[in-house]
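Below: the structure, in structure tokens.
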Amino acid sequence: QVQLVESGGGLVQPGGSLTLSCAASGINFSIYNMGWGRQAPGKQRELVATITSGGIATYTDSVKGRFTISRDNAKNTVYLQMNSLKPEDTAVYYCRATWAMNYWGKGTLVTVTS
């Protein structure tokens with residue numbers, strides 16, 4: 001059974017930082033491409049960062065230079081370091097694992113507000 005469990009969300013002031021973690025189980029983690037998506041209230045889910053099995057990262061324009069995705073294959077974990085957070089980053093953040101199909105976690109809430 002595939003499980004993706006996100007953690008690290010919370011309340012942060014604008015300009016602050018958070019690091020999200022996603023622990024994966026039930027998959028051969030090292031061969032999966034991993035990603036982080038987010039869904040803000042009233043909006044569709046968007047993919048903000050991905051990292052291939054080989055470690056190549058890509059980002060959506062709105063987070064480039066502020067977010068960093070990384071992975072630790074020994075720990076079956078993918079991370080999202082988020083810096084210079086803005087109110088518009090407020091969303092539920094979801095972890096995604098992709099190989100033959102996509103698996104999603106249940107999400108962790110990030111709220112950026114003063």
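Just so it is clear, the model here is predicted, and its values are computed rather than measured.
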Within the side chain of Arg71, is there an N or O that forms a donor-acceptor pair under 3.5 Å with the backbone of Gly54?
-> no
Taking ILVMFWY side chains as joined if any heavy atoms are under 4.5 angstrom apart, and letting links pass through other members, which residues group with Ile56?
-> none
Taking C-beta and beyond as the side chain, do Leu85 and Leu18 meet within less than 4.5 Å on heavy atoms?
-> yes
Side-chain donor-acceptor contact under 3.5 Å, Asn28 with Ser30 | yes
Trp36 and Cys22, any side-chain heavy atoms less than 4.5 Å apart = yes
Heavy atoms, side chains only, cut-off 4.5 Å: are Leu20 and Thr108 in contact?
-> yes
Which atom of Pro14 lies closest to which atom of Ser114, heavy atoms considered = CD-N, 3.7 Å
Answer yes if the side chains of Ser17 and Asn83 hold a donor-acceptor pair under 3.5 Å, and no otherwise.
-> yes
Write down the atom of Val48, the atom of Val63, and the distance for their closest heavy-atom approach.
-> O-CG2, 3.6 Å
Check: Ser84 and Arg66 side chains under 4.5 Å, non-hydrogen atoms | yes
So do Met82 and Tyr93 actually touch side chain to side chain, heavy atoms under 4.5 Å?
-> yes
Kindly say whether Lys75 contributes a backbone atom to a donor-acceptor pair with the side chain of Thr77 at under 3.5 angstrom?
-> yes
Do Gln13 and Val112 have side chains that get closer than 4.5 Å, going by heavy atoms?
-> no
Check the pair Glu46 / Arg38 against salt bridge (Lys or Arg N to Asp or Glu O under 4.0 Å), numbers first and verdict last.
-> CA-CA 5 Å; Glu46 62 168 340; Arg38 67 185 181 187; 2.8 Å; yes
Of all heavy-atom pairs between Leu80 and Ala49, which one has the smallest distance, and what is that distance?
-> CD1-CB, 4.0 Å
Output, in order, the C-alpha distance, side-chain angles, deciding distance and verdict of side chain to side chain contact (heavy atoms under 4.5 Å, CB included) for Met34 and Cys95.
-> CA-CA 7 Å; Met34 301 298 296; Cys95 176; 3.7 Å; yes
Check the surroundings of atom CD in Gln44: do more than 12 heavy atoms from other residues, nucleotides or ligands lie under 6.0 Å from it?
-> no
Side-chain contact, heavy-atom cut-off 4.5 Å: Tyr59 with Thr68?
-> yes
Verdict with supporting geometry, Asp89 and Val110, side chain to side chain contact (heavy atoms under 4.5 Å, CB included) | CA-CA 8 Å; Asp89 294 318; Val110 173; 5.6 Å; no
Using the side chain to side chain contact (heavy atoms under 4.5 Å, CB included) rule, take Asn33 and Ile51 through it: C-alpha gap first, then chi angles, then the decisive distance, then the call.
-> CA-CA 6 Å; Asn33 296 327; Ile51 186 165; over 6 Å; no
Taking side chain as C-beta onward, heavy atoms only, is Tyr32 less than 4.5 Å from Tyr103?
-> yes
Between Thr58 and Thr50, is any side-chain donor less than 3.5 angstrom from a side-chain acceptor?
-> yes
Check step by step if side chain to side chain contact (heavy atoms under 4.5 Å, CB included) holds for Ile31 and Trp99.
-> CA-CA 7 Å; Ile31 70 171; Trp99 189 55; 3.7 Å; yes
Roughly how far, to the nearest 0.5 Å, is the CZ atom of Arg96 from the CD atom of Glu6?
-> 13.0 Å
Mind telling me whether Trp104 and Tyr94 have parallel, tilted or perpendicular rings, with 30° and 60° as the class edges?
-> perpendicular
